[in-house]
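Chain letters run A, B, ... following the sequence lines, proteins first and then strands; every chain starts at 1. Worth saying up front: this structure is predicted, and the values here are computed from it rather than measured.
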Protein chains: 2
Amino acid sequence: MSDQVSAGALDDAVDAADGVVDAGWAPVTKARTYELVLDRVEAQITSGRLRAGDRLPAERDLAAALGVSRVAVREAMRVLQAMGVITQSTGSGRDAGTVLTAAPGEALTRLVRMHVLLASVGTADVVRARIALERESARLAATHARESDHALLTEHLAVMDDPDCSPETFNDRDTDFHVTIAHASGNRLVAEMTTALRNAMRATLLERLQGEDDFRAVAARLAREHHEIHEALLAGEGARAADLVEAHIEGFYARH
Amino acid sequence: MSDQVSAGALDDAVDAADGVVDAGWAPVTKARTYELVLDRVEAQITSGRLRAGDRLPAERDLAAALGVSRVAVREAMRVLQAMGVITQSTGSGRDAGTVLTAAPGEALTRLVRMHVLLASVGTADVVRARIALERESARLAATHARESDHALLTEHLAVMDDPDCSPETFNDRDTDFHVTIAHASGNRLVAEMTTALRNAMRATLLERLQGEDDFRAVAARLAREHHEIHEALLAGEGARAADLVEAHIEGFYARH
DNA sequence: AACTTGCTGTGGTCCTACCACAGTGAGGTC
DNA sequence: GACCTCACTGTGGTAGGACCACAGCAAGTT
């Protein structure tokens, strides 16, 4: 960004300024204050002085320590919060204030949702990305899933098997089903990204479901595919589960 | 606000309060002001009144329009900026101020990097996620890559073929090679996520390269694999390119 | 015609003050 | 002595005002 600024300032006198710049006069770095705060926090994490679960100094103290205003600190905290890196709470006591955590899920979801809304990425792109990630989720889940995961999957399947299940409930449980598989994979990054993509598409998928001429039939077909996926997972057949997941996701979008 | 006080006062007498809550007294929603601002902005985008490229009202005007302080608006802007949804600049004129854009790349990179630093996600997880995404990138690139993409790839390959190439240069060009393939896929979401993961691992990979006993030999092997990938892409063999990419990434981490 | 100058609107920063909240402990009440 | 009440303290949350730096624009000057 500083490049653009310096270039802009020199626009009116490019000829005269070029010589000066070449003579070693680099433009002054003018990072925004809150970015400096971010850098300091990141440096503390990199150096190991701060780790997940630790508590950051109070905003006022941090501002004084860094020699910046509290506003700058707060804006940096906002960014960290938006990245799912910290959680904040009021009050006094040990656990009050700003605590370093690690919850990338919600942050990823919001990020993807915003860019889908802005048409920065198309629905088809999200579908392909989902397939790529959920294939991996399914493949890993076939060998990493635990009893509790299978119990959860069974529960979701039971709800979706109900013929009186509403589109809203079905959509929620469908999401839960895929998210459960993702977390059963044991790969947190894949799981979080899978969850984010699925959640970002939640509204879109619900609209499609509600717009179905024969919701019952569609739900029944999707439920059957879910059962097949679950059976493959139970059998430990990762490759087959991956293929089934791909066909499951691809099929829904292709047909509607 | 008196509601919050009463809720707090009930903490010490949960038993007595339960009945009251069950009687339909839902707790008052207490969202932070900047989140309300975010909701309004998102609503404007959802409704179509605001789209990429549009300019948001000035912070002061937006604050007045929403009936909140400028601080709240600024914090919301920070979040949007951290998500890569807006760009801000000073000055007056048509393009000055806050503009809705769509640059998820940098935001994703920072997000992933922070969570890797916080050990929220392990290196092995990132590798598996990379493989899943880059397989898809390669598969799509085999059929979607243009002349200009191949020209870029050839250029990166030439630099990496240089025996005197430094680890830093090699690492940069290696990143460029993979990122070029990702963008050649035509799937922006996959491309951005691939780029983010590769960039987040940049420092780690460089350390490994620099720590090699025989950097030349490793570089030669990686370069050879790159050439094979490129040939598969040129031949339009997506499946083979995907397998080669997987072996390429997996191999480097497995052996070092 | 070309340059200079000041005005205006924008984000960037800081300060101060105050509010809401949650834990803590001193003090009073039973 | 056990219990309850209540003020205190430290935390983030919000507000308003002030000023700065910057970029464009228009009027004035040379």
Side-chain angles (χ1 to χ4, degrees), chain A residues 1-13 15-16 27-38 55-81 86-101, chain B residues 1-14 16 27-38 55-81 86-101:
Chain A
M1 290 298 166
S2 59
D3 322 63
Q4 296 175 345
V5 173
S6 66
L10 293 175
D11 272 345
D12 296 330
D15 298 340
V28 177
T29 60
K30 51 150 214 167
R32 280 170 277 252
T33 312
Y34 83 93
E35 287 181 343
L36 300 178
V37 178
L38 279 176
R55 201 180 138 189
L56 267 69
E59 290 179 354
R60 292 169 178 81
D61 298 342
L62 195 50
L66 296 178
V68 299
S69 75
R70 198 181 151 201
V71 176
V73 173
R74 281 184 62 79
E75 293 191 354
M77 295 301 113
R78 280 292 157 275
V79 175
L80 292 175
Q81 200 178 37
I86 63 170
T87 55
Q88 291 184 302
S89 60
T90 63
S92 68
R94 294 180 311 282
D95 297 337
T98 307
V99 178
L100 265 179
T101 54
Chain B
M1 292 305 162
S2 58
D3 320 67
Q4 294 174 349
V5 174
S6 67
L10 291 174
D11 275 346
D12 295 333
V14 179
V28 176
T29 60
K30 46 166 195 173
R32 281 170 277 250
T33 310
Y34 83 94
E35 288 181 341
L36 300 178
V37 178
L38 279 177
R55 204 179 133 192
L56 267 67
E59 289 179 354
R60 292 168 177 82
D61 297 343
L62 195 50
L66 296 177
V68 300
S69 75
R70 198 181 153 201
V71 176
V73 173
R74 281 185 61 80
E75 293 190 353
M77 296 300 114
R78 281 291 157 276
V79 175
L80 292 175
Q81 200 177 37
I86 62 170
T87 55
Q88 290 184 303
S89 60
T90 63
S92 68
R94 294 181 310 284
D95 297 337
T98 307
V99 178
L100 267 179
T101 55

Next on the checklist: Please determine whether a side-chain nitrogen or oxygen atom of Thr98(A) lies at a distance below 4.0 Å from atom OP1 or OP2 of dG12(D).
Outcome noted: yes
Item to check | Nucleotide dG11(C), atom P - distance to CD of Glu35(A) in whole Å | outcome: 16 Å
Checklist entry - How long is the gap from CZ on Arg78(B) to CD on Glu35(A), to the nearest 0.5 Å? => result 8.0 Å
Checklist entry - dG12(D) base to Arg74(A) side chain: any donor-acceptor pair below 3.5 Å? => result no
Checklist entry - Does OP1 or OP2 of dG13(D) have a side-chain N or O of Gln88(A) closer than 4.0 Å? => result yes
Checklist entry - Distance check: side-chain N/O of Arg94(B) vs OP1/OP2 of dA23(D), anything under 4.0 Å? => result no
Checklist entry - Is a donor-acceptor contact shorter than 3.5 angstrom present between the side chain of Arg60(B) and the base of dG11(C)? => result yes
Item to check | Residues forming a side chain to side chain contact (heavy atoms under 4.5 Å, CB included) with Val68(A), sequence neighbours excluded | outcome: Thr33(A), Val37(A), Leu66(A), Ala72(A), Val73(A)
Item to check | Interatomic distance, Leu36(A) CG vs dG12(C) P [rounded to whole Å] | outcome: 13 Å
Checklist entry - Under 4.0 Å between a side-chain N/O of Thr33(B) and OP1 or OP2 of dT14(D), yes or no? => result yes
Next on the checklist: If I take atom CZ in residue Arg32(A) and atom P in nucleotide dC14(C), what distance separates them, rounded to the nearest angstrom?
Outcome noted: 14 Å
Checklist entry - Starting at CD of Gln81(B) and ending at C1' of dT10(C), how long is that distance when rounded to a whole Å? => result 14 Å
Next on the checklist: So Arg70(A), base contact, sugar-phosphate only, or nothing? Heavy-atom distance under 4.0 Å.
Outcome noted: base
Checklist outcome for this item: Rounded to whole Å, the CD-P distance (Glu59(A) to dT14(D)) equals 11 Å
Next on the checklist: Can you tell me if Arg78(B) touches the phosphate of dG12(C), counting only side-chain N or O atoms and a distance under 4.0 Å to OP1 or OP2?
Outcome noted: yes
Checklist entry - What is the minimum heavy-atom distance between Arg32(B) and Gln88(A), and which atoms define it? => result NH1-O, 4.2 Å
Checklist outcome for this item: To the nearest angstrom, the OH-P distance between Tyr34(B) and dG13(D) comes to 8 Å
Checklist entry - When you measure from the side chain of Val71(B), which nucleotide among dG13(D), dA23(D), dG16(D) comes out closest? => result dG16(D)
Checklist entry - Base, sugar-phosphate, or nothing for Ala96(B), non-hydrogen atoms under 4.0 angstrom? => result nothing
Checklist entry - Is there a donor-acceptor pair under 3.5 Å between the side chain of Arg60(B) and the backbone N or O of Arg70(B)? => result no
Checklist entry - Which heavy atom of Met77(A) sits nearest a heavy atom of Ile86(A), and at what distance? => result O-CD1, 3.3 Å
Next on the checklist: For dT10(C) and Arg55(B) - does any side-chain N or O of the residue sit under 4.0 Å from the phosphate oxygens OP1/OP2?
Outcome noted: yes
Item to check | Of the listed nucleotides dT8(C), dT13(C), dA17(C), the one nearest the side chain of Ser92(B) | outcome: dT8(C)
Item to check | Spacing between Leu62(B) atom CG and dT10(C) atom C1', to the nearest angstrom | outcome: 14 Å
Checklist entry - Starting at the 5' end of DNA chain C, which residue's closest nucleotide do you reach first, Glu75(A) or Thr90(A)? => result Glu75(A)
